[in-house]
Amino acid sequence: MKKTDQTVLLFKKSIFSSSKESLLNSLREKLIRSKKPLVIFTPNPEQLVLARKNPDFSKHLASADYLIPDGIGLIWAAKLLNWFGRGKAIRERITGIDLATDFLEWAAREDWSVLLLGGKGYHQAGDSELQLKTSLPKSKKLKLQWLEGYQNVARRTTAEEKTVRQTISKLKPQLVLVAFGAPQQEQWVVEHRDLLTKAGTKIVMVVGGSFDVLFGKLKRAPLWMRALGLEWLYRLLQEPHRWRRQLALLEFISLTFKQALSGKK
C-alpha cells in the first residue's frame, strides 16, 4: 500500500489509519476505475514481526492496495509512536471479520458471486447449505461457494491447483475471501492476481481464521472484550494451541519501544 494522508507508517508498512467508513468510501471510488481486483491484507503484530524476517512476505504485504489495522497491537503501537512524536495515531481498529461481513452484505446488495477459499469442513451437503453468521436480511441471498482449495497450501498439488483455477474461471467471483493463514494466503493472492483479474474479481481479501467465526464453528468475543482489545484472548481461550503465536507480541512490543526511542520508522 502506498503512503497517503490516510495511512500511518509502522515498520515500513503503510497501514490504513482512517475510519472504516472512509475505507469503504475509498473502495467504492476505486472500484469505479480499477481494472484489477483491489487487494486487502490484514496485518497484525505477529505478521509485522514476520515481515521483518521474511523478505518475500514483506514484499507481498507492500503490494496490497490496502493494509488494514486488524490487530489491536497496531493501534497501541501507533499511539505510542505518536506520543513520542514518531508519526500519527490510527483512528480505529478495522477487523478483518467486520470488513468481510460488510463485503458479504455488499455482495448481496450488488448481486455479486462470492468465493470463500480455504478452511476445512464447513459444509457437507453442498453450497446451498452454507449458513453464515451475518446480519444479512433473510430476503437477501448470497451467490456463495466455498472451496477448501488445498490440503496443504504450502504443498499444493497439480490437481488441487487445477480445481481452484477452474472454479474461479467458472464462477467469476466478484468477491474472493482467502483463509489460508499468513504468509501463505498473501502469497496465494499475489500469485493469482492475474487469474482473478481475468475472472472479473473486484475485491480479494485475506481473512485468516475468520471463516471459523463466520460459519459458527467458533464464537466471537463479546462486545465488551472487543472494545477492550481482548478479542485475541477470547480466541486463545477457545484454541489454546495458538499460544505460541502470541509470543510474537512480546517481540512486537520490544521493537515498538526501540523504534519510539530511536526515531526510526
Side-chain angles (χ1 to χ4, degrees), residues 1-4 7 12-16 23-24 26-43 47-48 50-51 54-68 70 96 99-100 102-104 106-107 110-120 127 142-211:
M1 182 176 183
K2 295 180 180 179
K3 191 176 186 304
T4 70
T7 64
K12 299 181 180 180
K13 296 293 177 287
S14 295
I15 310 297
F16 190 82
L23 172 64
L24 293 173
S26 176
L27 281 165
R28 290 188 187 97
E29 292 175 3
K30 285 191 175 183
L31 281 175
I32 295 173
R33 59 181 182 273
S34 179
K35 295 181 180 180
K36 295 183 178 181
L38 297 177
V39 174
I40 302 170
F41 291 158
T42 58
Q47 291 173 23
L48 289 187
L50 177 60
N54 185 329
D56 288 336
F57 182 51
S58 181
K59 289 179 182 178
H60 293 158
L61 286 181
S63 72
D65 295 291
Y66 295 90
L67 294 176
I68 66 166
D70 181 64
L99 193 56
D102 286 336
F103 287 156
L104 289 169
W106 194 346
E110 299 295 328
D111 198 33
W112 285 359
S113 294
V114 179
L115 176 63
L116 307 182
L117 183 60
K120 298 181 184 295
D127 299 313
L142 273 170
K143 293 192 294 186
L144 182 69
Q145 183 168 340
W146 169 73
L147 183 67
E148 180 179 334
Y150 315 93
Q151 283 291 320
N152 184 339
V153 69
R155 296 185 178 89
R156 311 171 208 166
T157 68
T158 301
E160 288 172 336
E161 182 64 19
K162 182 179 180 180
T163 298
V164 169
R165 288 180 170 272
Q166 287 178 339
T167 299
I168 292 172
S169 297
K170 181 179 179 181
L171 183 63
K172 298 188 183 304
Q174 285 98 337
L175 173 63
V176 178
L177 303 180
V178 184
F180 293 137
Q184 289 83 8
Q185 58 192 8
E186 289 80 8
Q187 178 181 343
W188 185 93
V189 170
V190 171
E191 291 177 353
H192 292 79
R193 197 167 186 175
D194 287 343
L195 174 66
L196 295 171
T197 299
K198 291 178 182 177
T201 300
K202 296 180 180 295
I203 295 174
V204 55
M205 184 174 82
V206 300
V207 294
S210 295
F211 285 178

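Below, each value reflects all heavy atoms present in this structure, side chains not excepted, and no hydrogens, waters or symmetry copies. For this chain, numbers begin at 1 and follow the sequence in order.
The CD1 atom of Ile168 sits 6.0 Å away from atom CG of Leu115, with the distance rounded to the nearest 0.5 Å. From Leu116, atom CG reaches atom CG of Leu144 across 4.5 Å, with rounding to the nearest 0.5 Å.
The minimum heavy-atom distance linking Phe103 with Leu27 is given by the pair CZ-CD1, 3.5 Å. Residues Tyr66 and Ser26 approach most closely at OH-OG, 2.5 Å, considering heavy atoms. Considering every non-hydrogen atom in both Ile68 and Phe16, the closest pair reads CA-CB, 4.5 Å. Closest non-hydrogen pair, Gly118 versus Trp146, comes out as O-NE1, 2.6 Å. Heavy atoms only, all atoms of each residue included: Ser63 and Phe41 are closest at OG-CE1, 4.3 Å. Residues Gly96 and Ser210 come closest through the heavy atom pair C-OG, 4.3 Å.
Within the structure, the side-chain hydrogen bond (donor to acceptor under 3.5 Å, both in side chains) test picks out the following pairs touching residues 151-160 (sequence neighbours left out): Glu148-Gln151, Arg156-Glu191, Thr157-Glu160. Among residue pairs with one or both ends in residues 27-38, those qualifying as side-chain hydrogen bond (donor to acceptor under 3.5 Å, both in side chains) are Asn25-Arg28; sequence neighbours excluded. The side-chain hydrogen bond (donor to acceptor under 3.5 Å, both in side chains) contacts involving residues 164-185 comprise Glu161-Arg165, where partners must be two or more places apart or lie in separate chains.
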Side-chain polar contacts of residues 195-207 - donor-acceptor pairs under 3.5 angstrom, sequence neighbours left out - could you list them?
from: Thr197; atom 1: OG1; to: Arg193; atom 2: O; distance (Å): 2.8
from: Thr201; atom 1: OG1; to: Pro173; atom 2: O; distance (Å): 2.8
from: Thr201; atom 1: OG1; to: Leu196; atom 2: O; distance (Å): 3.4

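With contacts defined as side-chain heavy-atom distances shorter than 4.5 Å, the pair Pro183/Leu50 qualifies. A heavy-atom distance below 4.5 Å is found between the side chains of Leu99 and Leu23. At a threshold of 4.5 Å between non-hydrogen side-chain atoms, the residues Gln145 and Ser113 do not count as touching. The shortest side-chain heavy-atom distance between Gln47 and Phe57 falls under the 4.5 Å cut-off. Glu186 is listed as a side-chain neighbour of Leu61, based on a closest heavy-atom distance under 4.5 Å. The closest side-chain heavy-atom distance from Trp106 to Leu175 is not below 4.5 Å.
Annotation: side-chain hydrogen bond (donor to acceptor under 3.5 Å, both in side chains) contacts of Trp188 (sequence neighbours excluded): Tyr150, His192. Contacts of Asp111 classified as salt bridge (charged side-chain N to carboxylate O under 4.0 Å, His left out), with partners at least two apart in sequence or in another chain: Lys143.
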